[in-house]
> 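There's a structure below that I have some questions on.
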Amino acid sequence: MHALKLHTLTLAEQLADLAVDALIDEADLSPKPALVDRRGNGAHNDLHLGLMHASALSLWPAFKEMAEAAIELGEIGLPLREALGRIGREGEQAMLITTQGVNTHRGAIWALGLLVAATALDPTSRNASAVSLRAARLALLNDRYAPQPLSHGVQVAQRYGARGAREEAQLGFPAVLQRGLPQLHASRAQQHGEQNARLDALLAIMTQLADTCVLYRAGTDGLQAMQLGAQAVLDAGGSASLAGRRRLNELDQQLLALNASPGGAADLLAACLFIDRIESCDGAF
Ligand SMILES: CC(C)(COP(=O)(O)OP(=O)(O)OC[C@H]1O[C@@H](n2cnc3c(N)ncnc32)[C@H](O[C@H]2O[C@H](COP(=O)(O)OP(=O)(O)OP(=O)(O)O)[C@@H](O)[C@H]2O)[C@@H]1O)[C@@H](O)C(=O)NCCC(=O)NCCS
Ligand SMILES: Nc1ncnc2[nH]cnc12
């Protein structure tokens with residue numbers, strides 16, 4: 001009889017698992033305003049939950065490779081930044097092949113890729129501020145090989161002067177550290193239940209974020225509706241309360257009417273769930 005040979009996961013494989021888990025947990029979380037979830041497609045006619053799952057799984061090799069690059073190069077510098085840029089672009093291609101050209105997770109590859117690499121650089125220092133500071137230092141380096149497409153984010157920056165995904169990372173993810181994570185912990189401490197705590201974290205991120213997806217689709221009216229509506233849900237008691245649920249439903253209807261999908265906030269919720277997991281893993285890697 002052959003002995004069963006168990007494969008022990010490498011650090012890079014564990015981090016890729018955690019990143020993909022965070023993306024799947026974000027996609028499954030329901031009811032999210034105007035986003036793809038278990039109920040339906042939100043404000044998107046080209047997305048559905050199965051596609052979000054397939055997209056998340058297609059990114060596992062890229063996250064693993066980013067962690068491996070960080071372990072191999074061992075320090076924050078241009079070689080690592082440019083390796084991450086190359087792997088990130090390859091990850092985007094894998095995503096686009098899987099989704100037949102639909103942008104499901106561009107912002108998430110960026111945010112989670114930086115956080116995966118930042119964790120892999122020093123897995124013993126994994127509190128939220130230390131990891132996001134390392135991610136920010138990576139994001140501040142200029143990748144000489146990055147193409148300069150006229151992305152939705154760039155167009156919105158030109159039109160409204162908004163700070164987008166790049167700046168959010170360069171500032172050390174303030175929407176996650178100052179809004180999402182504290183709200184996640186507070187709602188858990190109030191015994192609101194894990195799904196409600198995650199919804200509250202998403203709403204807290206939405207209260208302040210300049211989400212370039214919303215700005216591109218619905219302008220400043222859309223952004224204001226997202227930020228004020230999210231705050232109104234939290235002020236009414238959050239997702240666990242009846243009054244908060246009514247406000248959440250109103251926010252969903254309002255954003256759907258404006259065609260305003262908070263895809264950037266959704267990516268940052270995934271980043272928030274990833275950081276939460278690595279902070280609470282005791283000695284697993
Ligand atoms: C530096 C990059 C992030 C590029 O940034 P840029 O702003 O130039 O590019 P965009 O293509 O607009 O993508 C940015 C995505 O980031 C998310 N996002 C938006 N606002 C914020 C924010 N304030 N903070 C953080 N993240 C934010 C958002 O992603 C989600 O939305 C996607 C759908 O968006 P969009 O394509 O606009 O889609 P639709 O409106 O649905 O399109 P249509 O249907 O109308 O066609 C969805 O995918 C979510 O993920 C933004 O889209 C970085 O990407 C970059 O430089 N990459 C190159 C490779 C690299 O260096 N990688 C490094 C690896 S660590
Ligand atoms: N759940 C979601 N719905 C729509 N766009 C997204 N981008 C990232 N997550 C998303």
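Order of appearance sets the numbers: ligands from 1, and atoms from 1 within every ligand. Only heavy atoms go into these numbers, but all of them, side chains included; no hydrogens, no water, no symmetry mates.
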> Which is it for Ala266 and ligand 1 at heavy atoms under 4.0 Å: side chain, backbone, both or neither?
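Ala266 to ligand 1: no contact under 4.0 Å from either part.
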> Under a plain distance cut-off of 3.5 Å, with no hydrogens placed, do His44 and Ser261 share a side-chain donor-acceptor pair?
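Present: a donor and an acceptor within the cut-off.
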> Near Val154, which atoms of ligand 1 are under 4.0 Å from a heavy atom of that residue?
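Answer, ordered by atom number: 8 (O).
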> I need the contact type for Asp37 against ligand 2. Using non-hydrogen atoms and a strict under-4.0 Å cut-off, is it side chain, backbone, both or neither?
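Neither part.
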> Any idea which atoms of ligand 2 are less than 4.0 Å away from a heavy-atom of Lys32?
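In order of numbering, the contacting atoms are 1 (N).
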> Would you tell me whether His152 and Asn103 have side-chain atoms, one donor and one acceptor, within less than 3.5 Å of each other?
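Short answer, no.
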> Identify the protein heavy atom lying closest to atom 60 (C) of ligand 1, giving its residue, its atom name and the separation to 0.1 Å.
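I find the closest protein heavy atom is Gly85 CA, 3.8 Å.
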> Side chain, backbone, both or neither: which applies to Arg106 and ligand 1 if a contact is any heavy-atom pair less than 4.0 Å apart?
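It is both parts that get close, each with some atom under 4.0 Å.
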> May I ask you to identify the nearest protein heavy atom to atom 1 (N) of ligand 2, giving residue, atom name and distance to one decimal place in Å?
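Protein heavy atom with the smallest distance to atom 1 (N) of ligand 2: Glu26 OE2, 2.9 Å.
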> Any atom of ligand 1 sitting under 4.0 Å from a heavy atom of Glu167?
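Under 4.0 Å: no for Glu167.
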> Could you tell me the residue and atom name of the protein heavy atom closest to atom 23 (N) of ligand 1, and the distance to it rounded to 0.1 Å?
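Scanning the protein heavy atoms, the shortest distance from atom 23 (N) of ligand 1 goes to Ala210 O, 2.8 Å.
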> Under 4.0 Å from a heavy atom of His44: which atoms of ligand 1 are those, numbered in the order shown and with their elements?
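Atoms satisfying the 4.0 Å criterion: 41 (O).
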> For atom 63 (C) of ligand 1, what is the closest protein heavy atom, and at what distance to 0.1 Å?
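For atom 63 (C) of ligand 1, the nearest protein heavy atom is Trp110 CE3, 3.5 Å.
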> Please could you name the atoms of ligand 1 that Arg89 approaches to less than 4.0 Å, counting only its heavy atoms?
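Atoms satisfying the 4.0 Å criterion: 59 (C).
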> Out of the candidates Asn196, Asp200, Asp276, only one should pair with Arg188 under the side-chain hydrogen bond (donor to acceptor under 3.5 Å, both in side chains) rule; please name it.
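Of all the options given, the one that passes is Asp276.
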> Hey, does Leu209 come in under 3.5 Å of ligand 1, counting only N/O atoms on both sides?
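No; the residue has no nitrogen or oxygen that sits under 3.5 Å from a nitrogen or oxygen of the ligand.
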> Whether Lys32 and Glu26 form a salt bridge (side-chain N of Lys/Arg under 4.0 Å from carboxylate O of Asp/Glu) is what I want to check.
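Salt bridge flag = yes for Lys32 with Glu26.
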> With a 4.0 Å cut-off on N to O distance, would you call Glu82 and Arg144 a salt bridge?
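Answer for the salt bridge query: yes.
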> Counting only heavy atoms, which portion of Arg81 has something under 4.0 Å from ligand 1: side chain, backbone, both, or neither?
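For Arg81, the contact with ligand 1 is made by the side chain alone.
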> Considering only non-hydrogen protein atoms, determine which one is nearest to atom 64 (C) of ligand 1 and report residue, atom name and distance to 0.1 Å.
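Looking at atom 64 (C) of ligand 1, the protein heavy atom closest to it is Leu84 O, 3.4 Å.
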> Could you tell me whether Arg163 atom CZ has more than 12 heavy atoms of other residues or ligands within 6.0 Å of it?
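No, because the 6.0 Å sphere around CZ of Arg163 holds 12 heavy atoms or fewer from other groups.
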> Short N/O distance, under 3.5 Å, between Ser261 and ligand 2?
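No - when backbone and side-chain N and O of Ser261 are compared with those of ligand 2, no distance drops under 3.5 Å.
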> Would you check if the side chain of Ser241 reaches a backbone N or O of Ser239 as a donor-acceptor pair within less than 3.5 Å?
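Such a contact is absent between Ser241 side chain and Ser239 backbone.
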> Side chains of Ser125 and Arg134: do they bring a donor and an acceptor to under 3.5 Å?
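There is such a pair (donor and acceptor under 3.5 Å, judged by atom type) between the side chains of Ser125 and Arg134.
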> The test is salt bridge (Lys or Arg N to Asp or Glu O under 4.0 Å); show your working for Asp252 and Arg247 and say whether it passes.
CA-CA 9 Å; Asp252 190 30; Arg247 294 278 183 168; over 6 Å; no
> Taking both backbone and side-chain atoms of Val36, is any N or O found less than 3.5 Å from an N or O belonging to ligand 2?
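Yes, there is a polar N/O contact under 3.5 Å.
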> Which residue holds the protein heavy atom closest to atom 40 (O) of ligand 1, what is that atom called, and what is the gap in Å?
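The closest one turns out to be Arg217 NE, 2.8 Å.
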> Is the CZ atom of Arg38 crowded by more than 12 outside heavy atoms at less than 6.0 Å?
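Atom CZ in Arg38 is not packed in, count stays at 12 or less.
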> Taking only heavy atoms of Asp211, which atoms of ligand 1 are found under 4.0 Å from at least one of them?
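Contacts of ligand 1 toward Asp211, numbered from 1: 19 (C), 20 (N).
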> What part of Leu268, side chain from CB on, backbone N/CA/C/O, both or neither, has a heavy atom under 4.0 Å from ligand 1?
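Leu268 to ligand 1: side-chain contact only, backbone stays beyond 4.0 Å.
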> Strictly by modelled atom types, are Asp267 and Trp110 linked by a side-chain donor-acceptor pair under 3.5 Å?
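Side chains of Asp267 and Trp110: no pair found under 3.5 Å.
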> Tell me which part of Thr212 gets within contact of ligand 1: side chain, backbone, both or neither, using heavy atoms under 4.0 Å.
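Both backbone and side chain.
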> Is the shortest distance from a Lys or Arg side-chain nitrogen in Arg86 or Glu90 to a carboxylate oxygen in the other one below 4.0 Å?
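Result for this pair is yes, salt bridge flagged.
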> Using distance alone, decide if ligand 1 has a nitrogen or oxygen within less than 3.5 Å of any nitrogen or oxygen in Glu168.
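No, Glu168 has no N/O under 3.5 Å of an N/O on ligand 1.
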> Counting non-hydrogen protein atoms only, what is the nearest one to atom 31 (O) of ligand 1? Give residue, atom name and distance.
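Its nearest protein heavy-atom neighbour is Cys213 SG, 2.9 Å.
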> Which of the numbered atoms in ligand 2 are under 4.0 angstrom from any heavy atom belonging to Met52?
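In order of numbering, the contacting atoms are 2 (C), 6 (C), 8 (C), 9 (N), 10 (C).
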> Return the residue, atom name and 0.1 Å-rounded distance of the protein heavy atom closest to atom 57 (N) of ligand 1.
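Nearest neighbour among protein heavy atoms for atom 57 (N) of ligand 1, to 0.1 Å: Glu92 OE2, 3.6 Å.
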> Is there a nitrogen or oxygen of Gly107 sitting under 3.5 Å from a nitrogen or oxygen of ligand 1?
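Yes, Gly107 has an N/O under 3.5 Å of an N/O on ligand 1.
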> Any idea which atoms of ligand 2 are less than 4.0 Å away from a heavy-atom of Ala266?
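It comes down to these atoms of ligand 2: 8 (C), 9 (N), 10 (C).
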> More than 12 heavy atoms of other residues, nucleotides or ligands under 6.0 Å from CZ of Arg245: yes or no?
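Atom CZ in Arg245 is packed in, count exceeds 12.
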> Report yes if His152 has an N/O atom closer than 3.5 Å to an N/O atom of ligand 1; otherwise report no.
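Yes; at least one N/O pair falls below 3.5 Å.
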> At a non-hydrogen distance cut-off of under 4.0 Å, which region of Thr104 contacts ligand 1 (side chain, backbone, both, or neither)?
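Backbone only.
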> Looking at atom 5 (N) of ligand 2, what's its closest protein heavy atom, distance included?
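Nearest neighbour among protein heavy atoms for atom 5 (N) of ligand 2, to 0.1 Å: His44 NE2, 3.7 Å.
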> Show which atoms of ligand 1 fall inside a sub-4.0 Å distance from at least one heavy-atom site of Leu114.
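Counting atoms of ligand 1 from 1, those under 4.0 Å from Leu114 are 65 (S).
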> Going by distance only, is there an N or O of Asn103 that falls short of 3.5 Å from an N or O of ligand 1?
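In this structure, Asn103 places an N or O atom under 3.5 Å from an N or O of ligand 1.
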> With only distance considered, is Asp267 within less than 3.5 Å of ligand 1 through an N or O on each side?
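Yes; the residue has a nitrogen or oxygen that sits under 3.5 Å from a nitrogen or oxygen of the ligand.
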> Of all the non-hydrogen atoms in the protein, which one sits nearest to atom 25 (C) of ligand 1, and at what distance?
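Checking every protein heavy atom, the shortest distance to atom 25 (C) of ligand 1 gives Ala165 CA, 3.5 Å.
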> At a 4.0 Å cut-off, with the gap strictly under it, does some heavy atom of Ala146 reach an atom of ligand 1?
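No, Ala146 has no heavy atom closer than 4.0 Å to ligand 1.
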> Consider ligand 2: state whether an atom of it lies below 4.0 angstrom from any non-hydrogen atom of Thr104.
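A heavy atom of Thr104 does come that close to ligand 2.
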> Using a cut-off of 6.0 Å, state whether more than 12 heavy atoms not belonging to Gln224 lie near its atom CD.
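For Gln224, atom CD is not crowded (no more than 12 foreign heavy atoms under 6.0 Å).
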> Check the side chains of Gln14 and Thr10 for a donor-acceptor pair under 3.5 angstrom, ignoring hydrogens and angles.
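Looking only at side-chain atoms, Gln14 and Thr10 do not form any donor-acceptor pair under 3.5 Å.
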